[in-house]
Amino acid sequence: VFHQIKKMADGDDDDHGVMSELVFIRHAESMNNILYRLCRENADVNDTKAFLELIQERRSADPAITPVGERQALHLAEYLTSTSLSTPLGSCGRDVILVSPMKRTLMTLAPTLNLLREKHRTVPKVIVHGGWFEQGGLHSNKEASTAMLGLSKADMLSLLSPTGEGVEFVGFEGHWACGALTIRTPQVKKQKVEKAGGWHINRHEPYSECVKRNKHFRMYLLGLVANKEIDRVFLVGHGDFLQQTVSSLIGPSGGSHDPHCKPSAALISRNTSLTNVYVTESGGYLLGASNSIPHLVNKEPELMTGGHPVNDGWERTVKLDVSNPLEIIIHENMSDIPKSTWSDIVSLREVYLFVEDGTTIDEYYESDRANTTIHFIATQMNHNIGYAQLSLSKGDGSESGYEGRVRQVITHPAFRGKGVGKALLMSLMNKAKASKCSALTVRAWMASESFYLSQGFSRRGGADDTYESKGKICVHMRKELAFGADA
């Protein structure tokens, strides 16, 4: 792969020459990244409610980087400006740097800009983009409705360019971004806001809005790389939004032909890691290095932070046990599901279910909202960790009643093997019996067949038992139900 990319980069392939390179860089370790560890030192983790309250109390809407993060940023600066890169940053005059307006990304980038000035190199144009912030935005917790203020324009410039030269602010106005630099909110007096001059978003950003924002941002980014005077764009950003951007560019398989390679696993980023995406003249994208940290190799082990498979660097401490009982909540209408809960469910399905076969949430718009669809949500201590659907339909017209179809069964990976899927299915079967379903059917992935067999399902029988759908081998399964007097 490397040699093929090198060949394209050198222009040896006329049909698919590389037009430009995108270098995605995750921010250095932030105070929020280490929050769970710090709270464990000051709270009883067995008291889950108190523990989570302490986290919410200490969480920062716009955290700074840690002392470890400062060292990571210095090593990154040395790498980007050295001959370790075939073309060091600032040596060709055809680079652009794009950075999030959040404090941790600006602090990550600052040492690189300072080192370029010390080496008397050309400092590339820096674009602070109002749509390149982390999923969720500025918030102290998911339920917060108060507008939170970020850094002012002057604060950002103090980190990036004391003179203000070479820095451009883009995307701070418009319906999809984050508002004007000088704002007015109901929660803060106008005079105070104008003095602060910070950017903002009005509340915690739901996942659905984040997806829309990401589409707008990618449109801007593709317009940027179409500029013939730009060879490379360095993007200093955040784990979740960076992962969403890269996986959207290179496709649901994470750029791999291996069906087991998922963006949720392959594209999770360590702090200050680099991910390279090459844009070809034919409009394609090639994933080069992913989550690489050459500047931290052979350095202190404590500098290797982030990149955990659960929640991108955050350590999960809430465990499924008798002190935190599992609850299955049933909603017979989607409109009854709280918006914040539905946002979690959409995220769960998109990140851990749809990514397997390239499905999108839009394909389920009608079925999610149908009056024949019943929703089952597995929760534990206010964490939404699993989901399933029961879709009701008339059977063969006999007196036996309805048939039910099991759909969209998903459990968060951190809670698999703990009985969540079984609890969802048991609740679904009980509801199906109460609805006088004569049978349940499921179109299961072959990998899930053993689970359904253990719950009393069997293959439907027939030559079309197995089939392929969107690259996945599936199997038709069925379970007869007894209800009423026979139950």
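- For NZ of K215, the number of neighbouring non-hydrogen atoms (other residues, nucleotides, ligands) closer than 6.0 Å is 12 at most.
- Counting only N and O atoms by type, the side chains of T272 and H295 include a donor and acceptor under 3.5 Å apart.
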Got a list of side-chain donor-acceptor pairs under 3.5 Å for residues 87-97, not counting sequence neighbours?
residue	atom	partner	partner atom	Å
S91	OG	P88	O	2.7
R94	NE	D231	OD1	3.2
R94	NE	D231	OD2	2.7
R94	NH2	K228	O	2.5
R94	NH2	D231	OD1	3.2
D95	OD1	R232	NE	2.9
D95	OD1	R232	NH2	3.4
D95	OD2	G90	N	3.4
D95	OD2	R232	NH2	2.8

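- The number of heavy atoms from other shown groups lying within 6.0 Å of CD (E168) is above 12.
- A donor atom on one side chain and an acceptor atom on the other are found under 3.5 Å apart for E29 and T66.
- Just one of R104, M304, H27 meets the side chain to side chain contact (heavy atoms under 4.5 Å, CB included) condition when paired with N271; it is H27.
- Between N291 and S269, the side chains place no donor N or O within less than 3.5 Å of an acceptor N or O (distance only, hydrogens not considered).
- No donor-acceptor distance shorter than 3.5 angstrom exists from the side chain of T373 to the backbone of R369, with no hydrogens or angles considered.
- Looking at D368, its side chain never comes within 3.5 Å of a backbone N or O of M334 through a donor-acceptor pair.
- Side-chain atoms of N33 and S30 form a donor-acceptor pair, as typed in the model, at a separation below 3.5 Å.
- With hydrogens and angles left out, the side-chain atoms of Y387 and Q389 include a donor and acceptor closer than 3.5 Å.
- Checked by atom type, the side-chain pair T105/E134 shows no donor-acceptor distance below 3.5 Å.
- Not a single donor-acceptor pair under 3.5 Å links the side chain of H238 to the backbone N or O of D240.
- Taking the side-chain contact (heavy atoms from CB on, under 4.5 Å) definition, one finds that S367 meets it with Y364, R407, sequence neighbours left out.
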